[in-house]
Protein chains: 2
Amino acid sequence: MTSDDFVPAPLRRLWGMSESSRLGRPASLDVKAVVAAAVGIADRDGLDGVTLPKVAKSLGFTSMSLYRHVGSKDELLTLMADAALGPPPDIAAPDWREGLRRWAFAHRAVLQRRPWLTRVPVAGPPSGPHQIAWMEAALAIMSGTLLDWAHKIGAMSLISGYVVQSVRQFSELAEGRAEGQGQADAERDYGRALARLVNPDRFPEAARLFSSTLFEAPPSTTPDAAIADADFSLGLELILDGIAVRIARSNT
Amino acid sequence: MTSDDFVPAPLRRLWGMSESSRLGRPASLDVKAVVAAAVGIADRDGLDGVTLPKVAKSLGFTSMSLYRHVGSKDELLTLMADAALGPPPDIAAPDWREGLRRWAFAHRAVLQRRPWLTRVPVAGPPSGPHQIAWMEAALAIMSGTLLDWAHKIGAMSLISGYVVQSVRQFSELAEGRAEGQGQADAERDYGRALARLVNPDRFPEAARLFSSTLFEAPPSTTPDAAIADADFSLGLELILDGIAVRIARSNT
DNA sequence: CAGCATTAGTATATGCCTGATACTTTATCT
DNA sequence: AGATAAAGTATCAGGCATATACTAATGCTG
């Protein structure tokens with residue numbers, strides 16, 4: 001018989017329910033501080049830069065002290081993910097479609113500011129307060145529709161997965177580019193070599209694709225970000241179209 | 001002036017262009033063997049089980065020998081991903097919709113057999129021969145449509161991303177479940193606690209969701225796999241609906 | 001007011017890992 | 001018969017996560 005309001009430690013830490021028992025030595029450190037320090041390091045050095053020694057040092061403590069506030073490094077990553085995600089913005093939209101569109105763009109904006117978020121290994125269903133809040137926002141947007149729960153969840157996670165994937169892809173490319181000046185050359189070499197490897201006999205469609213304007217387009221005047229925006233919208237609208245079909249179908 | 005048929009070493013290895021120069025000591029090891037051994041370990045111990053010492057030992061060599069055949073551990077992961085993906089099956093379908101559906105299920109089947117594939121960190125656009133072959137298959141399926149390249153690529157990566165995401169989510173859950181008998185209890189506790197944390201005032205929709213039948217459904221008679229299949233199809237058909245709208249629009 | 005239980009943080013150590021460097025071994029080519 | 005060059009090995013440095021056993025600081029109890 002577990003007590004009815006028992007909450008596992010990781011969840012307690014996720015939801016900011018630190019208890020600071022009156023007994024014993026008082027803590028000079030807390031979960032919030034640890035997570036904030038870790039997020040700061042991730043912002044500066046990327047996710048691989050986050051190590052327990054470095055987080056501890058940035059706070060003026062030893063590595064082992066962190067284990068008083070966090071169960072493991074994996075748990076720290078989960079805590080970081082929810083903290084860095086932050087609360088969703090207020091989305092007031094005339095209809096579900098515009099609402100989901102704004103939700104997707106807001107989500108994307110957060111990830112673009114912290115690309116390392118797209119690389120945090122997901123360890124289970126959303127369970128942090130911010131994750132739940134974003135979920136709530138999406139569900140609220142769809143509350144006027146007649147979709148059942150399974151469809152709502154499906155639509156939301158489809159959009160969210162799409163956002164993560166597209167931001168990750170773009171940021172990887174950008175990182176590669178920033179990694180030295182000669183990187184641009186290397187990248188061009190890489191593309192050129194790949195185009196040569198894609199034999200038109202074995203891969204007719206792919207070969208046509210690789211030699212299409214899409215990959216030639218040399219010094220396009222439009223900035224990369226604009227292209228990325230267009231690509232992103234393209235896929236997003238496709239998803240929204242699919243959802244629209246479902247909604248129309250559920251109304252009959 | 002780089003030679004016009006210069007191919008970067010990682011790409012050469014990906015495409016099986018090992019050169020075995022006639023000079024010097026002949027190699028008793030090659031990229032293929034290394035990758036195969038690594039894949040075998042990943043199949044048994046998961047992606048975290050793959051370390052250079054273990055791969056080398058399973059071949060009867062020392063860790064450092066691997067660096068003669070593979071640039072880095074990250075590169076090894078890339079090679080593993082393409083090797084383990086394997087070639088796509090022949091997909092003969094009457095129309096693009098059935099074709100893409102089969103393509104998605106085939107992709108999913110591969111990932112289900114090797115769940116660690118969904119956790120290999122992606123390091124750039126598809127560039128291995130098998131990845132290209134899968135891409136070719138998808139493009140061929142859509143070749144009858146009037147979609148432009150951007151839409152085709154968008155549709156394909158949307159589906160592929162969805163497949164990866166859904167398999168990863170399911171396999172995580174299954175792993176957690178297999179990780180000891182008490183895990184099921186812990187999981188139930190977790191869900192229960194979470195349901196209590198989701199305050200209906202702050203999160204009205206989410207709270208209703210958490211207390212809906214979707215989460216109660218105790219010992220459902222239908223096996224997990226069947227439920228997963230249904231969920232998967234749900235999202236997939238949604239995507240296909242979206243693509244259908246695009247295709248219809250591009251025909252006008 | 002003394003000391004005890006309790007909690008926070010530290011010191012130290014183990015066993016891993018990736019990868020650099022310098023070496024030995026084994027083959028071909030001249 | 002060497003010279004040459006590549007394959008594989010030995011050793012090592014620098015990091016990392018984390019277990020265990022410690023010291024330090026506080027409130028509670030007598």
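Naming: A, B, ... by sequence-line order, numbering from 1 per chain. This structure is a prediction, so every number in the text was calculated from the model and none was measured.
For residues 26-36 of chain B, no pair satisfies side-chain hydrogen bond (donor to acceptor under 3.5 Å, both in side chains), with sequence neighbours left out. Counting only residues at least two apart or in different chains, salt bridge (charged side-chain N to carboxylate O under 4.0 Å, His left out) contacts with residues 157-170 of chain B are absent. Every pair passing salt bridge (charged side-chain N to carboxylate O under 4.0 Å, His left out) that includes a residue from residues 48-69 of chain B is listed here, sequence neighbours excluded: B/D45-B/K54.
Contacts of residues 28-46 of chain A with DNA chain C (heavy atom under 4.0 Å): A/S28, A/L29. Taken residue by residue, residues 54-62 of chain A places heavy atoms nearer than 4.0 Å to DNA chain C at A/F61, A/T62.
Residue whose closest nucleotide on DNA chain C sits further toward the 5' end, between B/V50 and A/A27: A/A27.
Partners of B/S72 according to the side-chain contact (heavy atoms from CB on, under 4.5 Å) rule, which considers only residues two or more places apart in sequence or in another chain, are B/D74, B/E75. Annotation: side-chain contact (heavy atoms from CB on, under 4.5 Å) contacts of A/A207 (sequence neighbours excluded): A/V198, A/P200. For B/A83, the side-chain contact (heavy atoms from CB on, under 4.5 Å) partners two or more places apart in sequence, or in a different chain, are B/V35. By the side-chain hydrogen bond (donor to acceptor under 3.5 Å, both in side chains) test, A/W134 is found to be paired with no residue, residues two or more places apart in sequence or in another chain being considered. Listed by chain and residue number, nothing satisfies the side-chain hydrogen bond (donor to acceptor under 3.5 Å, both in side chains) test with A/W103 (two or more places apart in sequence, or in another chain).
A centroid separation of 6.0 Å or more is found between the aromatic rings of B/F232 and B/F170.
Residue B/S65 is classed as a base contact, given a heavy-atom separation below 4.0 Å to a base.
No donor-acceptor pair under 3.5 Å is formed between the side chain of B/E136 and the backbone N or O of B/I132.
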How does protein contact run along nucleotides 20-30 of chain D, one letter per nucleotide 5' to 3', with B for base contact, S for sugar-phosphate only, - for none, heavy atoms under 4.0 Å? B---BBBSS--
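Of all non-hydrogen atoms in B/L11 and A/A193, the two that sit nearest each other are CD1-CB, 3.9 Å. Smallest separation of non-hydrogen atoms from A/Q131 and A/P126: OE1-CA, 3.0 Å.
The span of DNA chain C lying next to chain A, judged by atoms under 4.0 Å from heavy atoms, is bounded 5' to 3' by C/dT6 to C/dT12.
By the 4.0 Å N-to-carboxylate-O rule, A/D229 lies close enough to A/R108 to be salt-bridged with it.
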